[in-house]
Structure formats: structure tokens, C-alpha cells
K.L.:
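Could you have a look at this structure, given as C-alpha cells, before my questions?
Atoms within a ligand are numbered from 1 in the order they appear, just like the ligands themselves. When a residue number appears, it is its place in the shown sequence, counting from 1.
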Amino acid sequence: MKIFSIKNGWIGALTAAAGLNLASCKKPPQASPEPRFSAEQFEARFYYDLGAAEIDISSYPKKQQDGYAVFARTCSQCHTLARPINAPFAVRKDWERYIQRMHIRTESRPGTGISKAEAAVVLDFLVYDSKIRKLDNKSEFAAKTEELRRLFDEVVKERDRLNLGKVEGKARPPGPYTGDKPRP
Ligand code: HEC
């Protein structure tokens, strides 16, 4: 019996040693200085920044497919499309408010702009898309939201562990993290 447990111990040790070479292996934090997330993930300011940055519009009517193109151009000038796509806002009055707020933001960002015509098309698209993905498919969207919230918690923890600082407003994370690749 003793011999077996020693043998198992060795097998366990060997498996663990082999596992250390795999990226998926959980090493203790001190032994793992490499960031676990990408620079883009570390820059997330909202959990919704961490989700998909595009929508499958293949089943949308032509008008909304055209609207998506305007949305994609207009709303990716300052942050990725992940922000509006995975945000909890879903009804017209919320989108009206946020598009208005984004319009105000363009005034302090040279080179950006949202015209009245673009705002109207984007509003129409976001109301349609939110109904399909967020309201009609409520439980699917809620599950995705939960997943992103959990991921965001992890990213924030890792950000703190690496002392990357908080991401406030438009600021990039200050401190030692400068590259877009994991440090060696
Ligand atoms: C001029 C730059 C700029 C443009 C263009 C822009 N945004 Fe934003 N957006 C920001 C900034 C900065 C924030 C974070 C501060 C804030 O919420 O106002 C933000 C935040 C957001 C948020 C999260 C707000 C919250 O408090 O949860 C949503 C949703 C959003 N934007 C949607 C959009 C949509 C939709 C468009 C296209 C109509 C758009 N953005 C275009 C700069 C911009």
C-alpha cells in the first residue's frame, strides 16, 4: 500500500511538473509575473468593454444592416463597439440619452463627430438590435452579462496585482505597463 502511494506521489509530481510547461497550468502568483490579460482587456473601464465587439447581423433586415455600418463607424471613434454592444441599455430613452452624451464627448475630442443624421440611424439600429439580443433573448443576454462581470472582476484583481493603476475616464493605465504584449 505504501509503495503504491509513493508511486502515485511520483506520478502526481511528474504530472504536475509536465503541467508547469503548459500555459493553462495554474502557478502560484509569485511565480507568474506575466499578465493574464491583454492590454486591451486591462484598459476595460466597464465590464461590457470585455465582450464581443461585433454583432452577427446576417438575419437583420437590410435597413438595419445598413444601420449597423453607420453604428460601427460612428461609435468606434473613441472606444470599441463592445461598449455599446454589451452595455445593459436596451430601450429607446436610454439610447437617446447615451447618444446625446456621446455627441457632447465629441466636442472635446478633435477629429471625432456624430452628425444628426448618423445619430438618428444609430438610435434606430440600437433600439432594434437591443430588442432582438437583449430583450427578446433576455436569459441569454443575462448569462453573458454575468460572465463578463466575473471576467471584469478578475481583470481588476490582476490589474491591482500588477499595480497597473485604475483606469479612470479616458486615461490609459499608468505605471510600468507600456507594451501590448505580455512582458517576458
Ligand atoms: C468622442 C468620443 C466618443 C464617441 C464618438 C462615442 N463615445 Fe461612447 N463613450 C465615450 C467616453 C469617453 C465614455 C466614458 C464616459 C462616459 O460614459 O461618458 C463613453 C461611454 C459609453 C458608454 C457607457 C456609458 C456608461 O456610463 O455606462 C456607452 C454605452 C457608449 N459610450 C456608447 C456609445 C455609442 C452608442 C456611440 C455612438 C453613437 C458612442 N458611444 C460614441 C466616448 C465616445
K.L.:
Between Glu158 and Val155, is there a donor-acceptor pair closer than 3.5 Å when you use the side chain of the first and the backbone of the second?
P.N.:
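Here the side-chain-to-backbone pair does not exist.
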K.L.:
Using a distance threshold of 2.8 Å, state whether an N, O or S atom of Tyr98 lies below it from atom 8 (Fe) of ligand 1.
P.N.:
no
K.L.:
Below 4.0 Å, non-hydrogen atoms only: which portion of Arg105 touches ligand 1? Side chain, backbone, both or neither.
P.N.:
both
K.L.:
Closer than 4.0 Å to some heavy atom of Cys78 - which atoms of ligand 1 meet that?
P.N.:
1 (C), 2 (C), 3 (C), 4 (C), 5 (C), 42 (C), 43 (C)
K.L.:
Using the ring pair (Phe, Tyr, Trp, His ring centres under 6.0 Å) rule, pick out the option among Phe71, Tyr68, Tyr128 that qualifies with Tyr60.
P.N.:
Tyr128
K.L.:
Evaluating non-hydrogen atoms only, which member of Gln100, Arg73, Arg97, Arg83 is closest to atom 13 (C) of ligand 1?
P.N.:
Arg83
K.L.:
On a heavy-atom basis, I'd like to know which of Arg101, Gln77, Met102, Arg45 is closest to atom 26 (O) of ligand 1.
P.N.:
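Nearest option to atom 26 (O) of ligand 1, by heavy atoms: Arg101.
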K.L.:
Show which atoms of ligand 1 fall inside a sub-4.0 Å distance from at least one heavy-atom site of Thr74.
P.N.:
5 (C)
K.L.:
Under 2.8 Å from atom 8 (Fe) of ligand 1, is there an N/O/S atom belonging to His79?
P.N.:
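Here the distance criterion (N, O or S atom, under 2.8 Å) is met by His79, so yes.
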K.L.:
Is Phe46 linked to Leu164 within one hydrophobic cluster, defined over Ile, Leu, Val, Met, Phe, Trp and Tyr using a side-chain heavy-atom separation of less than 4.5 Å?
P.N.:
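Yes; tracing contacts between hydrophobic side chains, which count when under 4.5 Å, links both residues.
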K.L.:
For Ala87, is there any backbone N or O sitting under 3.5 Å from a side-chain donor or acceptor partner on Lys134?
P.N.:
yes
K.L.:
Spell out, as yes or no, whether a donor-acceptor pair under 3.5 Å connects the side chain of Gln64 to the backbone of Pro61.
P.N.:
no
K.L.:
Heavy atom to atom 37 (C) of ligand 1, shortest distance: which of Cys75, Ser108, Ala87 holds it?
P.N.:
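It is Cys75 that holds the nearest heavy atom.
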K.L.:
In sequence, state the C-alpha distance, the side-chain angles, and the governing distance for Arg105 and Cys78, and then conclude on side-chain contact (heavy atoms from CB on, under 4.5 Å).
P.N.:
CA-CA 9 Å; Arg105 296 258 171 256; Cys78 308; 5.9 Å; no
K.L.:
Mark up the atoms of ligand 1 that fall under 4.0 Å of a heavy atom belonging to Tyr48, in ascending order.
P.N.:
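Listed by number with element: 23 (C), 25 (C), 27 (O).
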K.L.:
Does atom CD of Glu54 have more than 12 heavy-atom neighbours, drawn from other residues, nucleotides or ligands, at distances under 6.0 Å?
P.N.:
no
K.L.:
Check each atom of ligand 1 against the heavy atoms of Thr112 and keep those under 4.0 Å away; list them by number with element.
P.N.:
1 (C)
K.L.:
Who gets closest to atom 29 (C) of ligand 1 by heavy atom: Phe89, Phe125, Tyr47?
P.N.:
Phe89
K.L.:
Tell me which part of Thr106 gets within contact of ligand 1: side chain, backbone, both or neither, using heavy atoms under 4.0 Å.
P.N.:
both
K.L.:
Taking the side chain as every heavy atom from C-beta outward, state whether Asn86 and Tyr47 have any atom pair closer than 4.5 Å.
P.N.:
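Result no, sub-4.5 Å side-chain heavy-atom pair not found.
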K.L.:
Looking only at distances, can you tell me whether any N or O atom of Arg109, backbone or side chain, sits closer than 3.5 Å to an N or O atom of ligand 1?
P.N.:
no
K.L.:
Enumerate the atoms of ligand 1 whose separation from the nearest heavy atom of Leu126 is less than 4.0 angstrom.
P.N.:
35 (C)
K.L.:
Between Tyr48 and Phe89, how do the two ring planes meet: parallel, tilted or perpendicular, split at 30° and 60°?
P.N.:
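The rings of Tyr48 and Phe89 stand perpendicular, inter-plane angle above 60°.
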